[in-house]
Peer 1: 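Attaching a single structure in structure tokens format; questions to follow.
Note that the numbering runs from 1 along the sequence shown for the chain. Just so you know, ligand 1 is whichever comes first in the structure, and atom 1 is the first atom listed for that ligand.
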Amino acid sequence: MTASILVCRRIFPDVVARLRDRFEVEANDADDVWSRDELIRRLQGKDGVFVTGTQAIDAALLDACPKLRAVCSLAVGYNNIDVAACTAHGVAVTNAPGVLTETTADFGFTLLMAAARRVSESEAFLRRGEWTKWSVDLFAGSDVHGATLGILGMGRIGQAIARRGAHGFAMPVIYHNRTPLPADVAAAIGARYVSREALLREADHVVVVVPYSAESHHLVGAAELALMKPTATLVNIARGGVVDDAALAAALREGRIAAAGLDVFEGEPAVHPDLLACRNVVLTPHIASASVPTRRAMASLAAENLICLLDPAAGRLAPTLLNPEALTRRL
Ligand code: DGY
């Protein structure tokens with residue numbers, strides 16, 4: 001019997017067409033943001049769901065959608081999905097690692113450079129018509145090349161940022177991660193393992209790239225910001241909630257750190273009003289992986305996972321399955 005799937009947000013039409021070749025598809029072409037009740041209603045009778053990083057999939061939803069067998073996300077971060085609950089319900093979960101690494105690392109560097117060199121702040125000044133003369137210290141910021149780059153979280157994206165810093169910008173790179181990299185990998189990247197405290201004290205630019213979890217909630221808060229240099233910049237391309245946005249806004253306002261670049265926010269798409277009021281922060285709407293080829297690759301990978309999980313004719317394993325144990329739960 002043909003499986004039935006729900007595509008929760010608008011994606012590329014050719015990717016939907018590929019899914020329609022295999023499945024009965026209900027697609028959200030209007031790109032509406034469905035409430036949880038609406039999502040549960042639409043999931044009735046569905047075998048699979050194509051999600052993004054924003055739909056919460058938890059035990060209560062799974063209880064209410066007993067036919068569901070596959071949750072496939074186009075995001076690499078999956079803190080919106082309770083994987084343990086999915087496994088217990090025999091629901092396979094996939095994410096989209098790898099395909100967005102370089103694009104996201106590019107954007108981490110974009111925010112770092114924009115924050116350090118005061119790009120948003122100076123552009124806003126120019127657009128307001130306030131630029132009347134050149135001055136020696138007009139929007140003078142801090143250097144990126146040769147400065148110490150501190151990376152919190154050293155997965156694929158952290159390593160890609162480290163390579164850019166070390167090889168492109170001659171930056172000494174220090175990092176902190178739950179597990180240090182194997183020595184040869186760290187040496188090839190040119191990255192030195194330090195404690196979180198040492199990283200915050202020593203780095204000129206700190207980039208946060210850790211997944212969100214209960215342990216990483218407010219990993220960078222008032223106490224951590226107090227360790228940073230007053231000339232330092234902070235970049236968050238991880239998840240809202242890893243940085244305490246209210247504490248960061250206070251540090252930026254009071255000049256306790258120089259600048260920040262943020263792509264993710266606590267409670268997004270809402271942004272803390274104190275951050276909106278700060279001039280020395282570059283703010284972008286969760287677009288770090290948003291190049292056209294990369295977003296297409298993310299959607300294609302999620303579709304491939306759905307096909308492998310729900311079409312027996314596919315005859316191949318889902319490429320990025322997070323919980324293989326779920327597959328035997330249904331037998
Ligand atoms: C990801 O892939 O996790 C990005 O943040 C987009 O949600």
Side-chain angles (χ1 to χ4, degrees), residues 6-12 15 28 31-34 36 39 49-58 70-83 86 92-112 151-161 177 207-217 219-220 234-243 245 260-271 282-306 318-323:
L6 178 68
V7 179
C8 281
R9 297 298 301 273
R10 186 176 62 228
I11 54 167
F12 299 88
V15 177
N28 180 0
D31 206 29
D32 292 328
V33 177
W34 293 328
R36 181 181 171 78
L39 177 60
V49 62
F50 184 124
V51 297
T52 67
T54 55
Q55 294 81 31
I57 306 290
D58 56 22
V71 174
C72 298
S73 176
L74 67 50
V76 66
Y78 51 90
N79 53 294
N80 55 317
I81 303 170
D82 184 338
V83 179
C86 286
V93 182
T94 67
N95 68 335
V99 289
L100 47 58
T101 302
E102 299 301 329
T103 298
T104 305
D106 283 351
F107 199 77
F109 239 84
T110 303
L111 282 182
L112 166 51
I151 302 179
L152 271 179
M154 204 52 152
R156 291 182 186 83
I157 297 169
Q159 292 176 43
I161 291 171
N177 200 38
V207 181
V208 184
V209 219
V210 294
Y212 181 79
S213 66
E215 298 89 72
S216 66
H217 181 74
L219 184 73
V220 179
L234 177 78
V235 170
N236 184 10
I237 54 167
R239 274 287 182 272
V242 173
V243 172
D245 286 350
L262 306 175
D263 187 49
V264 288
F265 305 88
E266 293 187 271
E268 64 183 52
V271 176
V282 181
L283 306 168
T284 54
H286 202 146
I287 57 169
S289 62
S291 73
V292 176
T294 291
R295 282 285 160 91
R296 178 177 288 284
M298 293 160 74
S300 299
L301 179 53
E304 171 68 7
N305 278 310
L306 274 167
T320 53
L321 181 59
L322 289 165
N323 59 346

Peer 1: Applying side chain to side chain donor-acceptor pair (under 3.5 Å), can you list everything that pairs with R36, at least two apart in sequence or on another chain?
Peer 2: D58
Peer 1: Starting at CZ of R156, measure out to OG1 of T101 and round the result to the nearest 0.5 Å.
Peer 2: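 Result: 6.0 Å between the selected atoms.
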Peer 1: Tell me whether D263 contacts the main-chain N or O of I287 through its side chain, where contact means a donor paired with an acceptor under 3.5 Å.
Peer 2: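 Judged by distance alone, yes, a pair lies under 3.5 Å.
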Peer 1: Is S216 reaching over with its side chain to a backbone N or O of P211, donor-acceptor style, under 3.5 angstrom?
Peer 2: yes
Peer 1: Answer yes or no: is there a side-chain heavy-atom contact under 4.5 Å between I157 and L100?
Peer 2: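 Side-chain contact under 4.5 Å: yes.
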Peer 1: Using a 4.0 angstrom limit on heavy atoms, which residues are close to ligand 1?
Peer 2: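 Contacts of ligand 1 under 4.0 Å: A75, V76, G77, L100, R239, H286, M298.
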Peer 1: Count the heavy atoms belonging to other residues, nucleotides or ligands that lie under 6.0 Å from CZ of F265, then report whether that count exceeds 12.
Peer 2: yes
